[in-house]
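Note that this is a predicted model, so its numbers are computed, not measured. Computed over heavy atoms, backbone and side chain alike; hydrogens, waters and symmetry mates excluded. Throughout, protein chains are lettered first and strands after them, A, B, ... in sequence-line order, and every chain is numbered starting at 1.
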Protein chains: 2
Amino acid sequence: MSKVNLKQLAKELNLSVSTVSRALSNSHEISQETKEKVKYLAEKLNYQPNPHAMSLRSQKTKTIAVIIPELSNNFFALAIDGIESIMQTAGYQLLIYLSHEDQQKEVSIVNKLEGRVDGVLICMATETHDISHLRGLKEKKIPIVFFDRVSNKLNTVKVITNDIESAYKATEHLIARGAQRIAYISLSLNISVDQKRMQGCLKALEDHQYTGDKKRVLSCTINDEENYQLIKKMLSSPTRPDAIFTCVERLAITTYTVCRDLRLSIPVDVKVVTFSNMPAAALLSPPLTTISQPAYEIGKAAAQAILDALNKNIVELDDEKIILPSILIERAST
Amino acid sequence: MSKVNLKQLAKELNLSVSTVSRALSNSHEISQETKEKVKYLAEKLNYQPNPHAMSLRSQKTKTIAVIIPELSNNFFALAIDGIESIMQTAGYQLLIYLSHEDQQKEVSIVNKLEGRVDGVLICMATETHDISHLRGLKEKKIPIVFFDRVSNKLNTVKVITNDIESAYKATEHLIARGAQRIAYISLSLNISVDQKRMQGCLKALEDHQYTGDKKRVLSCTINDEENYQLIKKMLSSPTRPDAIFTCVERLAITTYTVCRDLRLSIPVDVKVVTFSNMPAAALLSPPLTTISQPAYEIGKAAAQAILDALNKNIVELDDEKIILPSILIERAST
DNA sequence: CTGTTAGCGCTTTCAG
DNA sequence: CTGAAAGCGCTAACAG
């Protein structure tokens with residue numbers, strides 16, 4: 001059973017190709033009778049329109065690109081779940097690209113997108129400074145929506161969480177638990193969310209008169225091994241912090257590992273709080289207080305935004321921030 | 001800067017479209033000089049061939065479909081990472097589809113694939129019994145490779161792990177730890193991996209004379225709430241098992257939750273072992289002994305298999321099993 | 001209401 | 001070595 005196309009349907013029905021095409025797209029200038037005959041046969045022969053021919057003709061691909069730094073992080077997995085739930089309903093395909101936190105890769109991915117997708121959802125790579133590749137997309141009239149990690153250099157829809165506030169609250173949580181010296185561990189201050197989280201954290205510290213060595217920032221990288229050493233060094237010092245706020249889950253896990261290796265107990269010696277969407281966070285030893293982002297909803301919101309743009313045929317999206325709240329989940333230690 | 005195509009290049013160079021096309025595809029019947037001129041201009045104008053036109057013409061899409069049940073499970077995230085690493089290099093795009101463990105959805109996804117992709121990588125949904133949709137793909141000459149969850153009803157390449165052996169060893173691990181009554185918790189015996197894991201577990205029990213109420217099987221579903229009740233009921237009984245082998249991570253987490261709610265301690269009252277690829281498993285309270293699958297390598301192997309088929313233009317893949325070993329990770333309880 | 005025709009951007013015979 | 005022309009499957013302008 002080779003692929004059935006319009007021509008074959010037309011021959012079978014003694015109609016022209018265009019009539020069949022119109023009948024299937026429910027054109028009002030086709031008789032009810034013909035429509036039914038055509039649709040019946042199409043159904044019977046399991047006719048599936050050739051997506052490439054359609055794209056070539058209509059310049060619409062019914063495909064969306066999703067560009068993320070990595071996949072083995074529950075935040076992104078959940079976000080894609082959310083995106084998929086919207087796109088599946090709308091009949092769009094999802095092309096997934098991983099930048100592996102590499103600007104070079106991100107650029108080459110983006111440059112191959114034209115003609116392939118109708119819109120782009122992106123969470124920028126840590127490394128990305130220059131955004132001219134994204135500007136290029138806008139010039140090519142491909143709508144683009146940022147989520148989580150955004151750039152203010154480009155005016156478009158951005159779906160984010162209330163990171164400053166959440167970080168502020170989480171820091172107050174550490175203070176309330178009696179922390180004396182608090183350290184914020186950053187992944188890369190090139191990331192918008194990292195900046196905001198740090199901002200919220202430091203603001204809380206200042207408001208509570210945590211200054212000097214009561215307030216500290218450790219800059220980590222995307223290299224886990226290096227981070228381990230950095231954190232170990234900090235926690236080996238006699239004036240080590242007794243509370244740590246990590247920007248991302250991965251750094252929290254590294255921190256846990258360091259504490260275990262140094263035989264420091266959590267949360268007695270060190271209190272830890274982090275942004276995280278790990279499914280098993282509740283089972284951690286001891287339970288980790290987390291700021292949980294609504295990843296699924298973020299994905300849905302971003303998908304909906306791009307869909308709206310496509311439906312209304314708006315190529316140039318307004319600069320708009322959709323802010324969804326994160327939730328602080330405190331877990332009593334056993 | 002609107003999209004530049006062959007026609008424009010040809011005009012600019014005073015050549016015909018076909019010459020330009022041939023020059024770019026390095027045809028041997030084009031002079032070196034012309035080739036260079038063409039390539040230079042193409043580079044300069046950042047010419048990107050229209051993928052849909054190419055697909056329409058050549059019937060090759062340079063795109064692979066990946067169909068998985070869900071994404072928020074580290075196994076699949078890692079597998080896709082592996083697939084992507086191979087496909088990125090080979091210049092293939094990845095179309096991701098989620099079946100949400102629903103046969104209906106899987107079928108409708110598969111039916112829309114013809115003409116859209118060159119090959120399919122699939123991990124079947126729990127629910128899927130009937131595989132005629134996959135047979136259909138084979139008839140349409142689209143190569144298909146199974147990974148993790150496979151069907152023996154279709155002859156093709158299958159990338160799996162040594163589940164029977166791993167489960168056997170993990171069960172012996174429980175026995176060595178002094179377990180008296182061991183229960184295997186299954187997700188769905190319709191899944192190939194579940195069957196094998198159970199088989200390995202039960203074989204070990206038999207070999208060690210665990211019979212009668214020393215050996216038990218609990219059948220769970222994809223509904224977490226329901227599973228919670230089923231496990232709770234089992235663990236509330238006076239003759240409750242003191243060791244549990246769960247088929248998948250999610251059931252292990254549910255088991256942990258039940259134990260916490262019933263105030264049973266792990267691993268004193270109940271020993272737990274599971275297949276899992278959770279990144280933070282080492283930090284669980286208490287540490288969980290896991291059988292870790294080489295998810296990334298599975299993805300790579302599956303991707304490589306489909307790529308080989310496409311390169312050699314083999315449409316009908318031989319029935320072949322690629323078996324990668326899982327690793328039992330024992331963790332001392334603190 | 002239906003058919004004819006052109007063309008989306010590309011590759012690939014077939015002719016020079 | 002290069003060009004002209006056909007056609008992949010589809011939609012849409014134009015013509016009846």
Side-chain angles (χ1 to χ4, degrees), chain A residues 1-39 41-42 45-63 91 112-118 140-141, chain B residues 1-39 41-42 45-63 91 112-118 140-141:
Chain A
M1 182 178 73
S2 80
K3 182 95 179 140
V4 38
N5 59 18
L6 282 188
K7 213 165 156 185
Q8 294 167 43
L9 287 182
K11 197 160 77 181
E12 193 96 0
L13 291 160
N14 275 321
L15 287 169
S16 76
V17 175
S18 48
T19 305
V20 176
S21 168
R22 275 181 286 221
L24 288 173
S25 58
N26 235 325
S27 163
H28 52 272
E29 43 183 358
I30 297 288
S31 76
Q32 200 53 40
E33 196 192 359
T34 312
K35 274 187 193 173
E36 273 163 22
K37 269 198 308 192
V38 171
K39 284 183 178 170
L41 188 69
L45 298 186
N46 189 28
Y47 166 72
Q48 299 285 355
N50 183 313
H52 301 293
M54 287 180 82
S55 305
L56 187 56
R57 189 60 239 259
S58 62
Q59 308 287 14
K60 294 266 163 276
T61 63
K62 281 280 199 176
T63 304
K112 293 201 181 90
L113 249 35
E114 188 178 7
R116 205 185 284 280
V117 299
D118 294 343
K140 287 164 193 156
K141 308 296 175 202
Chain B
M1 185 178 73
S2 79
K3 182 96 181 141
V4 38
N5 58 20
L6 282 188
K7 212 166 159 184
Q8 294 167 43
L9 287 183
K11 198 159 77 182
E12 193 97 1
L13 291 160
N14 275 321
L15 286 170
S16 75
V17 174
S18 44
T19 305
V20 176
S21 168
R22 273 181 287 223
L24 288 172
S25 59
N26 236 324
S27 163
H28 52 271
E29 42 183 357
I30 297 291
S31 76
Q32 200 54 40
E33 197 191 358
T34 312
K35 273 187 193 173
E36 273 162 23
K37 271 198 308 191
V38 171
K39 284 181 178 171
L41 187 70
L45 299 185
N46 189 29
Y47 166 72
Q48 299 285 354
N50 182 313
H52 301 293
M54 287 178 82
S55 304
L56 187 56
R57 189 60 238 256
S58 63
Q59 309 287 15
K60 295 266 163 276
T61 61
K62 281 279 199 178
T63 304
K112 292 200 181 91
L113 249 36
E114 189 178 8
R116 206 185 286 279
V117 298
D118 294 344
K140 287 163 193 158
K141 309 296 175 203

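If you check C:dC10, D:dA4, C:dT2 against the side chain of B:N5, the one that comes closest is C:dC10.
A search for side-chain hydrogen bond (donor to acceptor under 3.5 Å, both in side chains) contacts involving B:T34 returns B:S31, not counting sequence neighbours. Partners of A:N5 by side-chain hydrogen bond (donor to acceptor under 3.5 Å, both in side chains), not counting sequence neighbours, listed by chain and number: A:Q8. Residues satisfying the side-chain hydrogen bond (donor to acceptor under 3.5 Å, both in side chains) test with A:R22, not counting sequence neighbours, are A:S18. Scored by the side chain to side chain contact (heavy atoms under 4.5 Å, CB included) test, A:K35 finds A:A23, A:N26, A:I30, A:Q32 as partners (sequence neighbours excluded). Checked against side chain to side chain contact (heavy atoms under 4.5 Å, CB included), B:P49 has the following partners two or more places apart in sequence or in another chain: B:Y47, B:M54. For B:D118, the side chain to side chain contact (heavy atoms under 4.5 Å, CB included) test picks out B:K60, B:T61, B:Y92, B:L310, with sequence neighbours left out. A search for side chain to side chain contact (heavy atoms under 4.5 Å, CB included) contacts involving A:Q48 returns A:K3, A:N46, B:N111, B:K112, not counting sequence neighbours.
Between B:S16 and D:dG3 there is a side-chain N or O to OP1 or OP2 distance below 4.0 Å. Between C:dG9 and B:N50, no contact under 4.0 Å exists linking OP1 or OP2 to a side-chain N or O. Taking only side-chain nitrogens and oxygens, B:Y47 never comes nearer than 4.0 Å to OP1 or OP2 of C:dG9. The phosphate of C:dC10 (OP1 or OP2) has no side-chain N or O of B:S21 nearer than 4.0 angstrom.
Between B:L15 atom CG and D:dG3 atom P there is a gap of 5 Å when expressed in whole angstrom units. For the pair A:Q59 CD and D:dG9 C1', the interatomic distance rounds to 15 Å; values are reported in whole Å. In this structure, A:L24 places its CG atom 15 Å from C1' of D:dA12, rounding to the nearest Å. Atom pair B:L56:CG and C:dC8:P shows a separation of 13 Å (rounding to whole Å applied). Taking atom NZ on B:K7 and atom C1' on C:dC10, their separation rounds to 12 Å, with Å as the unit. B:L9 places its CG atom 14 Å from the P atom of D:dG3, with the value rounded to the nearest Å. Protein atom NZ of A:K62 is 18 Å distant from nucleotide atom C1' of D:dG9, rounded to whole Å. One interatomic measurement links the two molecules: CE of A:M54 to C1' of C:dC8, which rounds to 13 Å at whole-angstrom precision.
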Please list, for nucleotides 5-7 of chain D, all pairs of protein and nucleotide N/O atoms separated by less than 3.5 Å.
from	atom 1	to	atom 2	distance (Å)
D:dG7	N2	B:R57	NH1	3.1

Trace of the side chain to side chain contact (heavy atoms under 4.5 Å, CB included) decision for B:E12 with B:L41: CA-CA 9 Å; B:E12 193 97 1; B:L41 187 70; 3.5 Å; yes

The test is side chain to side chain contact (heavy atoms under 4.5 Å, CB included); show your working for A:L24 and A:L9 and say whether it passes. CA-CA 11 Å; A:L24 288 173; A:L9 287 182; 4.3 Å; yes

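Interface residues of residues 29-37 of chain A facing DNA chain C, ordered by number: A:E29, A:I30, A:S31, A:T34; criterion, heavy-atom separation under 4.0 Å.
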